[in-house]
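Presented below is the structure to which this report refers.
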There are 2 protein chains.
Amino acid sequence: MSIIERKKREKEEMRRTILDAAKEIFLEKGFRSASIRNIAEKIEYSPGTIYLYFDDKDAIFHALHEDGFQRMLAMMQPLQHVADPMERLVAMGRVYMEFAYNNKELYDLMFIMEAPILAEANRARWEMGDRTLNFLKQVLIECQDKGHFSGMNIDYLSYTIWSALHGMCALYCRNRCQAYEHVKDTDLLKNGMDYFVSIILKA
Amino acid sequence: MSIIERKKREKEEMRRTILDAAKEIFLEKGFRSASIRNIAEKIEYSPGTIYLYFDDKDAIFHALHEDGFQRMLAMMQPLQHVADPMERLVAMGRVYMEFAYNNKELYDLMFIMEAPILAEANRARWEMGDRTLNFLKQVLIECQDKGHFSGMNIDYLSYTIWSALHGMCALYCRNRCQAYEHVKDTDLLKNGMDYFVSIILKA
DNA sequence: TTGGAAAAATGAACAGCGTTCATTTATTTT
DNA sequence: AAAATAAATGAACGCTGTTCATTTTTCCAA
């Protein structure tokens, strides 16, 4: 009940208010429109105030990218109950792509934009990436226990699989699927995924 | 020898001068520093002059991204002599990754940044992507003629393969390989490529 | 060769950006 | 109530892409 405690809570509330405003503008009107001034206006504070709660704009979007990972991991959670690791691996892949498709801007922020990486405390690391990747690695280890991917290095294997999915999502996010003039994005994503799964299952 | 002809040539020369300056700044100091003002200063003209030769900044970088594709295709050219299509496919993949690694910024511009896509004449298409993709599709058709990838749709198959490579390159370009704290980027790229090749060869 | 038309280049101006900081306002403590 | 601390402000700095009235240069005909 101490004042210092309330202050701390208020500080956190204000951070959350800023983040919510930033997220809303970002998701609605894109990164460009999510300027400090626009965020400040939305929460009815002056631009300078934002800097009392975040180091810079990158820090705001680093926090938002963390939210994204939390949301993504929440979608993965139910899959922990899938017994067969290969089945779980495939299910995770589909959820991953589903997330990218249904949260295009957020996926872009998490895996493509530079802002969140520039705001990493330790500039040579990527905390959220590391933690999320461990989920994939764990599943792959279980797959190996069942005789799949035998003899393969987990780092390289996970990178190969992650890249295949990210590639499809990234081409989608950055409008490179337009290279296929007469194929719908959704068809590319869906069938690309199916093809990769069937390829992986044969390996 | 007509004056109108000289004018046309001079116009083209000026465009080239602008592009060279833009490219130099872009490759040396990044997209952010490649501002219209900086480009203008480098070629000793006023900022307004640039707009007499290009519609906007995006148009400049669209032209540069075309240069990138020309360069990439030039690196692929020698591979036309590889007789076996599967062997050629793999060789092309390695050249693709080599290009991305040795021309990080340029690859980023070609396959990740928004600028060149925003400047497409027909906003729903991607000319250079389409043309380049046809090379891949051609090889895949030849592979199918030899019995590989039988029954698979060329669009979906090419997308799957392209995505796998792009995914690795994109994660590298946008510093997401930092998710692997103790693995070097080059090792990820090299081994990721090898793994994917071995997976594809088994399919 | 000169005068007028056409083309090319200019650079100030506009509206925006991230960020800083002296100043003001609000809150807490003495 | 006064002093000390904390929070918020908003003008200012130096950038950005882009536009456009004005100036300069080039061209062609008289």
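Throughout, protein chains are lettered first and strands after them, A, B, ... in sequence-line order, and every chain is numbered starting at 1.
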Item to check | Tyr156(A) side chain to Tyr180(B) side chain, donor-acceptor N/O pair below 3.5 angstrom | outcome: no
Checklist entry - If you measure only the distance, is there a donor-acceptor pair under 3.5 Å linking the side chains of Ser163(A) and Thr160(A)? => result no
Are the charged groups of [X] and [Y] less than 4.0 angstrom apart, N to O?
{"X": "Asp108(A)", "Y": "Lys104(A)", "value": "no"}
{"X": "Arg176(A)", "Y": "Asp185(A)", "value": "no"}
{"X": "Asp67(B)", "Y": "Arg16(B)", "value": "yes"}

Please confirm whether the shortest side-chain N or O distance from [X] to OP1 or OP2 of [N] is below 4.0 Å.
{"X": "Tyr53(A)", "N": "dA8(D)", "answer": "yes"}
{"X": "Asn38(A)", "N": "dG16(C)", "answer": "no"}
{"X": "Ser35(B)", "N": "dT16(D)", "answer": "yes"}
{"X": "Thr49(A)", "N": "dA8(D)", "answer": "no"}
{"X": "Tyr45(B)", "N": "dA8(C)", "answer": "no"}

Checklist entry - Do the ring centers of Tyr96(B) and Phe111(B) come within less than 6.0 Å of each other? => result yes
Could you tell me the separation between the [atom1] atom of [X] and the [atom2] atom of [N], rounded to a whole number of Å?
{"X": "Ile50(B)", "N": "dA9(C)", "atom1": "CD1", "atom2": "C1'", "value": "12 Å"}
{"X": "Glu41(B)", "N": "dC15(D)", "atom1": "CD", "atom2": "C1'", "value": "13 Å"}
{"X": "Lys57(A)", "N": "dG16(C)", "atom1": "NZ", "atom2": "P", "value": "15 Å"}
{"X": "Glu44(A)", "N": "dG10(D)", "atom1": "CD", "atom2": "C1'", "value": "16 Å"}
{"X": "Lys8(B)", "N": "dT26(D)", "atom1": "NZ", "atom2": "C1'", "value": "20 Å"}
{"X": "Leu118(A)", "N": "dG18(C)", "atom1": "CG", "atom2": "P", "value": "14 Å"}
{"X": "Phe31(A)", "N": "dC17(C)", "atom1": "CZ", "atom2": "P", "value": "12 Å"}
{"X": "Leu52(B)", "N": "dT24(D)", "atom1": "CG", "atom2": "C1'", "value": "13 Å"}

Would you indicate which nucleotide in [options] comes nearest to any side-chain atom of [X]?
{"X": "Lys7(B)", "options": "dA7(C), dA9(C), dT19(C)", "result": "dA7(C)"}
{"X": "Ile36(A)", "options": "dG11(C), dT19(C), dA7(D)", "result": "dT19(C)"}
{"X": "Tyr51(A)", "options": "dT18(D), dT20(C), dA8(D)", "result": "dT20(C)"}

Checklist entry - Counting distance only, does the side-chain N/O of Tyr159(A) pair as donor-acceptor with the main-chain N or O of Met168(B) below 3.5 Å? => result yes
Checklist outcome for this item: On DNA chain D, more 5' by nearest nucleotide between Asp55(B) and Glu10(B) is Asp55(B)
Write out a two-atom table: protein N or O, nucleotide N or O from nucleotides 12-14 of chain C, distance below 3.5 Å.
residue: dA13(C); atom: N6; partner: Arg37(B); partner atom: NH2; Å: 3.4

Item to check | Pairs involving residues 111-123 of chain A, ordered by first then second residue, that meet side chain to side chain donor-acceptor pair (under 3.5 Å) (sequence neighbours left out) | outcome: His62(A)-Glu120(A)
Checklist entry - Which is true for Phe54(B) with a 4.0 Å heavy-atom rule: it touches a base, it touches only sugar-phosphate, or it touches nothing? => result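 Result for Phe54(B) = nothing.
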